[in-house]
Amino acid sequence: MAEYGLDPGGVAGVWPALDGRGGGAHYYRLMHTFPNLTILGHPLIKHKLHVLRDKRTPVKDFRDLVSEIAMLMAYEVTKDLPTEPVEFDTPLEHMTGEKVAGKKLALVPVLRAGLGMVDGILRLVPAARVGHIGLYRDHDTLQPVDYYYKVPSAREQRDFFLLDPMLATGGSAVAACATLKKSGARSIRLLCIVAAPEGVQKMLDAHPEIPIYAAALDRQLNERGYILPGLGDAGDRLFGTR
Ligand code: PRP
Ligand code: URA
C-alpha cells in the first residue's frame, strides 16, 4: 500500500475499521485517500471474517459465513434508510409506529460469488427484488467478461446494493456499476467482504459517487490479481469448485 501513502501496520497489514469506531492518524489518512470506502468493523463481522479467511474452513461453513457476514453488513449499511409513520392497532390500543420509507431496495449479486451474499440480506429485507450480473475475470488479462444481465425494472426509483465478496483489481465492480448506471440506476452501493486498495482506487476514479462498504481492506494484490492476505478464490470456495 506504499504507493497510496498508507501503512496500516499490524501483522498482515489489514486495516482497522473505518466506520467511526477506529480513530487515530491512520484512520483519518485512509478516509482522506479513499473517501468512497467504509470498513465495517463490528466485532462479529471481524470474528466471522477470520474464520472465512482460514484455508481449513470447509465449503458449507464458508457459505454460511458469507451469508452471515452479508447480513451483518446489510444491517449496518441500511442504518440511514428513512422511515415514515404508520398507524395500526396493537391488541390493546391504537398506535403510530415506523416503517421503512423511500426507495425500494434491489440486490444485485455479481455471479458467481455474489450469490452467496443474497440470502443473508434477504432475511433482513425479504421484500427486496433481486437482479443478476454475470461477469467473470479472464485469468490471463484480469479483464471482466460479461455473460448475463437481468435487473428489476423501475431502476430510477430503486436503491441498488451491488454484491460481490471480492473487490480486487476493481475491473468487475467498475464494469457492473457502469452497466447498472447505463440501464437507469441512480442509487448504487457496493457491498464487498474483502477489498484491495487497487480496486477501491479504480472505483474512486470511475464511479466516485458510489459508496463502497467492506468488511476489510487488505494489503495488496499479488501478481495474479489475488488479494493478499485475502481468502482465495471466493467463487471456488463458495461452490466447492477447483
Ligand atoms: C471474482 C470475484 C469478483 C472478481 C473480482 O470473480 O467474485 O467478481 O473476481 O476481481 P476484480 O476486482 O479483479 O475484477 P471471478 O471472476 O473469479 O468469477 P466467479 O465468481 O465466477 O468465480
Ligand atoms: N477474486 C477472488 O475470488 N479472490 C481474489 O483474491 C481476487 C479476485
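For ligands, and for the atoms within them, numbers begin at 1 and follow the listed sequence.
- Partner of Ile193 under the side chain to side chain contact (heavy atoms under 4.5 Å, CB included) criterion, out of Met166, Arg53, Met73: Met73 alone.
- The environment of OH in Tyr75 is sparse: at most 12 heavy-atom neighbours from other residues, nucleotides or ligands sit within 6.0 Å.
- Without hydrogens or angle criteria, Arg158 side chain to Glu156 main chain gives no donor-acceptor distance under 3.5 Å.
- Relative to the ring axis of Tyr148, Arg112 does not place its NZ or CZ within 45° and under 6.0 Å from the centre.
- Under the 4.5 Å side-chain criterion, counting only non-hydrogen atoms from C-beta, Val66 is in contact with Leu52.
- With hydrogens and angles disregarded, a donor-acceptor distance shorter than 3.5 Å links the side chain of Asn36 to the backbone of Val200.
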Show the distances, to 0.1 Å, for all pairs joining an N/O atom of ligand 1 and a protein N/O atom that are shorter than 3.5 Å, listing one pair per line.
residue: ligand 1; atom: 7 (O); partner: Asp164; partner atom: OD1; Å: 2.8
residue: ligand 1; atom: 8 (O); partner: Asp164; partner atom: OD2; Å: 2.5
residue: ligand 1; atom: 12 (O); partner: Ala168; partner atom: N; Å: 2.9
residue: ligand 1; atom: 12 (O); partner: Thr169; partner atom: N; Å: 3.2
residue: ligand 1; atom: 12 (O); partner: Gly170; partner atom: N; Å: 2.8
residue: ligand 1; atom: 13 (O); partner: Arg137; partner atom: NH1; Å: 2.7
residue: ligand 1; atom: 13 (O); partner: Thr169; partner atom: N; Å: 2.9
residue: ligand 1; atom: 13 (O); partner: Thr169; partner atom: OG1; Å: 2.5
residue: ligand 1; atom: 14 (O); partner: Ser172; partner atom: N; Å: 2.9
residue: ligand 1; atom: 14 (O); partner: Ser172; partner atom: OG; Å: 2.6
residue: ligand 1; atom: 16 (O); partner: Arg137; partner atom: N; Å: 2.7
residue: ligand 1; atom: 20 (O); partner: Arg112; partner atom: N; Å: 3.1
residue: ligand 1; atom: 20 (O); partner: Ala113; partner atom: N; Å: 3.2
residue: ligand 1; atom: 21 (O); partner: Arg112; partner atom: N; Å: 3.4
residue: ligand 1; atom: 21 (O); partner: Arg112; partner atom: NE; Å: 3.1
residue: ligand 1; atom: 22 (O); partner: Arg112; partner atom: NE; Å: 3.3
residue: ligand 1; atom: 22 (O); partner: Arg112; partner atom: NH2; Å: 2.8

Write out each pair where an N or O from ligand 2 and one from the protein are under 3.5 Å apart, with the distance.
residue: ligand 2; atom: 3 (O); partner: Ala234; partner atom: N; Å: 2.8
residue: ligand 2; atom: 4 (N); partner: Gly232; partner atom: O; Å: 2.8
residue: ligand 2; atom: 6 (O); partner: Ile227; partner atom: N; Å: 2.8

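- Not one N or O on the side chain of Arg129 forms a donor-acceptor pair closer than 3.5 Å with the backbone of Ala106.
- The distance from the CZ atom of Arg186 to the CG atom of Asp159 is 13.0 Å, given to the nearest 0.5 Å.
- Going from atom CZ of Arg137 over to atom OG of Ser172 covers 7.0 Å, rounded to the nearest 0.5 Å.
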